[in-house]
Trainee: 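To start, I am sharing the structure in question, which I have written as structure tokens.
In what follows, residues are counted from 1 in the order of the sequence shown. No hydrogens, no waters, no symmetry mates; every other heavy atom, side chains included, goes into these values. One-based numbering, in listed order, for ligands and for the atoms of each.
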Amino acid sequence: MPAIVLVGAQWGDEGKGKATDLLGSSVDFVVKFNGGNNAGHTIVIEGERYALHLLPSGILTPGCTPVIANGVVIDLGVLFQELDDLQARGVDTSRLVVSANAHLIASYNRVLDKVGERFLGSRRLGTTGRGIGPTYADKMSRVGIRVQDVFDEGILRQKIEGALENKNQALVKIYNRRAIAVDEVLEEFLTYADRLRPMVRDTGLLLSQALDAGKTVLLEAGQATLLDVDHGTYPFVTSSNAVSAGACTGSGIPPTRVDRVIAVLKAYSTRVGEGPFPTELHDDSGEYLRKTGMEYGTTTGRPRRCGWVDTVVGRYAARVNGVTDFVLTKLDVLTGLDRVPVAVAYDVDGVRHDEMPMTQTEFHHAVPVYESLDGWWEDISDCRSFEDRPANARRYVERVEELVGARISVIGVGPGREATISRHPLLES
Ligand code: IMP
């Protein structure tokens, strides 16, 4: 006890790293349970900026055990590059544990992700091109390569041969690319075998024993609610379950052991890649949010699409994740605006929707219904208590809280760990 799940409430990049960092030394295990190196956390500790793509953010907390669980897809080249970079900056990475059942991203998956997107043309998804989708597709098609396979060369070769049989046909005949040799893929995986072996564990068992022993386990989602393959804006989604329920299948911890679900909600909205985004701004206000909020992808450097906060999305996230606490991030970015619009519902072809529309077509037609709140000009980045804040900034938080239907326990007012207002403790009820 306790197991805490941390998810993103919108389309990712809400600042989950900050919430993890805040829980900091109270957490014994930080578990990544979905996604791969398509994620990107930027964490600022004592002025040092760390950008992590694959490693759980707990890797930066002394005494915490970071876990890459079974639901993750791993690019071994990226894993060891991130470890080398952190070690070069003096971070102790020796506690990292990796599930034997996690799937591996093979070079052919990266190639297929990129050529697949090119082939889709205007119907592309805007993936990160890291091979995530094709690797999850292999997992579901039961031709995936898992961490444990790297330690049995005979099995590994058989599995690569099996996977490449169809893929080489597709690469050559459909995409006009060269075929990939079995030995090339085999060699790449085997290069890492010795370094990987000591990290590999039955992570489901490890985490269950940790909970039995009274340890605190934080299960940290990659991506976010509306990028979830089942509950997001399909098909413009990632290929894994990024909602709180994914924490269970992705780690082996059962739902009955989860005590708390924290969702991170940015004070405005952003999205990278394609897909519907009702509150997106194509004007100066959007540019203002992008510049002030420094909204450029951690993983790909792409400028993020920006818009006002959408409480229909927030409400939906509260419902599908069973959110107990919201962490509202980047409120300081909204300082200096005359009016701050908040989307409260959608107009879909003349019909008001207070909840997420049922179909993709309706969501594509959704026009936000805004409530326009008064802005504030006072610098809030030094505020440490809710009461200290300008009345209009307080009203903004209280109105968003009312609309999303779950309490906002923590408010971020700047990039550093200290730039935070705590209203309710995240670790106690
Ligand atoms: P994939 O995960 O690379 O397959 O990309 C699928 C969609 O999810 C694309 O729209 C990506 O831009 C988006 N996506 C994937 N990971 C992240 C993330 O960490 N933050 C924001 N968007 C993401």
Side-chain angles (χ1 to χ4, degrees), residues 6-20 32-43 50-57 71-75 78 82 103 105-106 109-120 122-140 220-243 246 250 263-266 268-277 280 290 293-307 313 317 329-330 360 363-364:
L6 177 70
V7 298
Q10 295 147 312
W11 281 279
D13 310 308
E14 296 91 351
K16 289 189 291 284
K18 181 172 180 126
T20 316
K32 180 176 171 74
F33 63 80
N34 76 308
N37 56 313
N38 48 346
H41 289 321
T42 308
I43 301 167
Y50 296 90
L52 301 176
H53 300 289
L54 174 60
L55 290 168
S57 51
V72 176
V73 291
I74 303 174
D75 185 321
V78 173
E82 285 198 358
H103 281 246
I105 300 177
N109 295 132
R110 287 189 296 270
V111 173
L112 284 166
D113 195 356
K114 290 192 184 120
V115 293
E117 279 280 276
R118 233 170 280 150
F119 203 70
L120 281 172
S122 63
R123 289 179 296 118
R124 72 184 177 279
L125 304 174
T127 73
T128 58
R130 303 293 195 260
I132 309 293
T135 307
Y136 278 112
D138 280 359
K139 172 177 175 173
M140 293 311 182
E220 188 185 67
Q223 294 75 52
T225 305
L226 290 191
L227 290 175
D228 180 281
V229 67
D230 283 278
H231 302 286
T233 51
Y234 190 91
F236 301 101
V237 292
T238 193
S239 310
S240 63
N241 285 115
V243 296
V264 183
L265 178 76
K266 191 149 55 179
Y268 50 96
S269 308
T270 59
R271 173 165 205 168
V272 284
E274 307 302 319
F277 178 6
E280 181 171 14
R290 183 156 38 248
M294 291 184 288
E295 295 296 349
Y296 299 89
T298 318
T299 296
T300 58
R302 291 183 284 183
R304 295 180 184 139
R305 300 157 66 191
C306 295
V313 165
T329 53
K330 293 188 134 179
Q360 187 187 349
F363 195 59
H364 276 270

Trainee: Apply side chain to side chain donor-acceptor pair (under 3.5 Å) to N37 and list each qualifying residue two or more places apart in sequence or on a separate chain.
Mentor: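 N37: no side chain to side chain donor-acceptor pair (under 3.5 Å) contacts found.
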Trainee: Atom CD of Q10 and atom CG of L226: how far apart are they, to the nearest 0.5 Å?
Mentor: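 Atom-to-atom, Q10:CD and L226:CG are 8.0 Å apart.
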Trainee: Under the side chain to side chain donor-acceptor pair (under 3.5 Å) rule, what pairs show up with a residue in residues 122-132, not counting sequence neighbours?
Mentor: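 Every pair satisfying side chain to side chain donor-acceptor pair (under 3.5 Å) with a residue in residues 122-132: D113-T127.
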Trainee: Say whether T329 and E14, considering side chains only, have a donor N or O and an acceptor N or O under 3.5 Å apart.
Mentor: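 E14 and T329 do not have a side-chain donor-acceptor pair below 3.5 Å.
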Trainee: What does the list of residues with a heavy atom under 4.0 Å from ligand 1 look like, ordered by chain and number?
Mentor: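 Residues near ligand 1: W11, D13, N38, A39, G40, L125, G126, T127, T128, Q223, L227, V237, T238, V272, G273, R302.
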Trainee: Can you list everything that forms a side chain to side chain contact (heavy atoms under 4.5 Å, CB included) with R110? Sequence neighbours excluded, please.
Mentor: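 With sequence neighbours excluded, R110 shows a side chain to side chain contact (heavy atoms under 4.5 Å, CB included) to D75, I105, S107, E188, given in chain and number order.
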Trainee: E295 and salt bridge (Lys or Arg N to Asp or Glu O under 4.0 Å): which single residue from R305, R304, R302 fits?
Mentor: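 So the option named by the test is R304.
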